[in-house]
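Values below: all heavy atoms of this structure, side chains included; hydrogens, waters and symmetry mates excluded. Throughout, a chain's letter reflects where its sequence line sits, starting with A, and its residues are numbered from 1.
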2 protein chains.
Amino acid sequence: MEAAGPTSSPRLPADDATGRRPRAASILDVAAAAGVSYQTVSRVINDHPSVRPTTRELVLAAIEELGFRPNRAARVLRGAPARLVTVLTSNTSLYGYQAALQGIEEAARAAGFAVGVRVVDSALQQQVTAAVKRAIEPGGSLIVIAHDQTGAMALEAVPPGIPMAAMIETPAVDPGPERPWVWLDDKKAAAEATRYLLSLGHRTVHYLAIPSSTQTSQRQAGWRQALEEAGAPVPAPVQCGWTPRSGYQTGQGLAADPEVTAVLCGNDDLALGVMRALHAAGLSIPGDVSVVGFDDTPVSEFLTPPLTTVRLDFAGLGRSCFALLLALIEQKEARPPHTRRPEPELVIRESSGPPSLPRGSGMTRAAAT
Amino acid sequence: MEAAGPTSSPRLPADDATGRRPRAASILDVAAAAGVSYQTVSRVINDHPSVRPTTRELVLAAIEELGFRPNRAARVLRGAPARLVTVLTSNTSLYGYQAALQGIEEAARAAGFAVGVRVVDSALQQQVTAAVKRAIEPGGSLIVIAHDQTGAMALEAVPPGIPMAAMIETPAVDPGPERPWVWLDDKKAAAEATRYLLSLGHRTVHYLAIPSSTQTSQRQAGWRQALEEAGAPVPAPVQCGWTPRSGYQTGQGLAADPEVTAVLCGNDDLALGVMRALHAAGLSIPGDVSVVGFDDTPVSEFLTPPLTTVRLDFAGLGRSCFALLLALIEQKEARPPHTRRPEPELVIRESSGPPSLPRGSGMTRAAAT
DNA sequence: CGCCTTGATGTGAACGTTCACAATCCTGGC
DNA sequence: GCCAGGATTGTGAACGTTCACATCAAGGCG
């Protein structure tokens, strides 16, 4: 690390004798070196068919020697697509967002696209609109992560005509293939998780909601539907934030309510906070209360107890989303590829189990009816 | 979400009647609308002093009306700095990297810079060098996150002359202010955490190392130094990966070794895995083994038990790093601002406590001298 | 009153690339 | 040996911006 090595000069913009950064080699420099016209060089770097093989070799050698790389700005100025995707998101640290970004980056890199990130953190439509406008570059494209209110507003604010795809919350009705939108079907998954908890013998399941761009998310709708189909009582869903702290605060309330024996949390961070609060209140998991999360973050498997959760492949969704965008840009068939949607999957671990009624009776404390 | 709203057309690149995207307004359009020359418009958007106030108003009105925004590509082509920073990193999901990226993004956004992300995932110098070359845009700048081998290779591969700053591992000796490098001094923090554990009465502290770009990281050196100064035995450090799984696997070995009563982990994810393994082996934390991590990730406070850890402000470091880069680019005084380094801080929670010798004697099993 | 300075504005050129079109070179058929 | 016609190569222009320089009006000053 501390070896001075070959790069011993301080990294300052001005570098050579003239005090100017040495201009990068251009197509003209290559042309001169190869003894051809600049247009021939252009043809070579664009794989135009009618270049004599010997000429091509000549040019390629010159390119190699001069370390030539085409100037992206010039291409874009000329009207070429910039092979750039800017990700619009309200957050970069929450698991779902971060994993989505990772998936997009992977796919974009594989396709030779540059990736930009622009965080939009306002809740005011006007400011969001302005931020979206700033994010639009000539020749560029957009992916909007619209898992929340701000994201949905950003999606709304994207003007027509610019290549775009979006990751959205599960919609109530399929918007149809002409909308460049992808999502994970978490309604089904929420229902499955709820049915699973009911099947363990719980009388009902309480739901902790993460913020949503809609009044009631499909995640919540799936939960409700499963309860109703089973004839179980439907408790009021509890509105929470995204963070473990939010789950912790909510969990303190749940701990005091002996009716609560099973909790479905809108994400794993909430579940983590809930488990902490329950544990601190002297309740055992899953002995007294079962806790199920959403996401399957990398840590969930190693919590105490390991968390039962619905795995959501946000990285895969990000890759799909980019694939959709790419198809749109390249317009192969004018029909979006309708990429496979990664299926959510319930991962059963140790934070869920049969109830021991009345709660608290089990191994922890004496019953109190 | 599903409201068709004002944007009812499918988002396809071709949009208006001609099938071409409508060209964005240029400086010439604005000039025509305002009845001045294009150069005057250029002067207005660049805050050139000698424009008559009335003229300026005229131009600004035209800009507003046409929704004009200067074409970045054209400016860059002309030689202007692109106000673009590309973050080179080997990872986007690990906490330290992700928090650093977040900090950089915040600072960059505040300064009106666009942010690019480029993941370099090879361990081969040649491939890393090629990736770095590809990441360099005329007029652009670079931030290298060099917390690991790949990052250090990338840093090495950045040619002189392009504006760059880097986040590095704590160096053994201060490289001096002319290196545009920032870091968190985790040597001191590691020593502090180690002394803290010794002060609780532990005979020694075991260290689980995350991968490093150097043979022995300063984090590890701080641990060793604290042990030596206290005259405590120095166990062989255990090389681990980054993930909870890696910590879990290592933790299984530690659980079997009755000598181990205090473990210092290179990051919180390792600590999490270790705690899981110890717990699974029937050991109590901190009763049998104390566990201390590094990072203070958002979940650490809510683990069972809450994790004692060294808080590292990667987001703050990212902001500092960008500030350094910006100073370099703007060359105010040719002296880097020597931004304040966020200080690591030991956060004592419940995963650490006095030992109960011999291990397992305390409340868990019978003593055996 | 005319010269010089200063402020305000306009014109030409250049950044690096690709498109449209023109020019040149072959190759083969007759 | 000549010419059609494809293959190959070259020239001019344009993308949107800013720098360098020219122009023009107005004002200060001797």
*side-chain contact (heavy atoms from CB on, under 4.5 Å) partners for B/Gln127, two or more places apart*: B/Ser122, B/Leu124

Run the side-chain donor-acceptor check on residues 65-79 of chain B: report pairs under 3.5 Å with partners two or more places apart or on a different chain.
from    : atom 1 : to       : atom 2 : distance (Å)
B/Arg69 : NH2    : A/Lys133 : O      : 3.2
B/Arg69 : NH2    : A/Ile136 : O      : 2.5
B/Asn71 : OD1    : B/Ala73  : N      : 2.8
B/Asn71 : OD1    : B/Ala74  : N      : 2.9
B/Arg72 : NE     : A/Glu137 : OE2    : 3.1
B/Arg72 : NH1    : B/Ala82  : O      : 2.6
B/Arg72 : NH1    : B/Arg83  : O      : 3.3

_Closest-nucleotide 5' rank along DNA chain D - winner of B/Pro70 and B/Arg43_ = B/Pro70

*Using a heavy-atom cut-off of 4.0 Å to chain A, what are the terminal contacting nucleotides of DNA chain D, in 5' to 3' order?*
D/dT8 to D/dG16

*Please list, by residue number, the residues of residues 52-69 of chain A whose heavy atoms come closer than 4.0 Å to an atom of DNA chain D; answer none if no residue qualifies.*
A/Arg52, A/Thr55

Please report, to 0.1 Å, the donor-acceptor pairs under 3.5 Å made by any side chain of residues 50-62 of chain A, with sequence neighbours excluded.
from    : atom 1 : to      : atom 2 : distance (Å)
A/Ser50 : OG     : A/His48 : NE2    : 3.3
A/Arg56 : NH2    : A/His48 : O      : 3.0

*Tell me which residues in residues 30-40 of chain A put a heavy atom below 4.0 Å from DNA chain D, sorted by number, or none.*
A/Val36, A/Ser37, A/Tyr38, A/Gln39, A/Thr40

_Flag, side chain of B/Ser141 to backbone of B/Leu84, donor-acceptor distance under 3.5 Å_ = yes

*Kindly write out the residues that satisfy side-chain contact (heavy atoms from CB on, under 4.5 Å) with B/Pro175, not counting sequence neighbours, or none if the list is empty.*
B/Pro171, B/Arg179, B/Trp181, B/Trp183

*Answer with base, sugar-phosphate or nothing: what part of the nucleic acid does A/Ser42 contact at a heavy-atom distance below 4.0 Å?*
base

*With sequence neighbours left out, what residues match A/Thr40 under side chain to side chain donor-acceptor pair (under 3.5 Å)?*
A/Ser37

*Which salt bridge (charged side-chain N to carboxylate O under 4.0 Å, His left out) pairs, counting each pair once, include a residue from residues 119-128 of chain B, with sequence neighbours left out?*
A/Arg109-B/Asp121

_Helical stems, DNA chain C - three or more consecutive Watson-Crick or G-U wobble pairs below 3.5 Å_ = C:1-30 with D:1-30

_Partners meeting ring pair (Phe, Tyr, Trp, His ring centres under 6.0 Å) with B/Phe113 (sequence neighbours left out)_ = B/Phe322

*Just call it for B/Val51: base, sugar-phosphate, or nothing, with non-hydrogen atoms closer than 4.0 Å on any strand.*
sugar-phosphate

*Which residues pass the side-chain contact (heavy atoms from CB on, under 4.5 Å) test with A/Leu88, sequence neighbours left out?*
A/Arg118, A/Val120, A/Val132, A/Ala135, A/Leu142, A/Val144

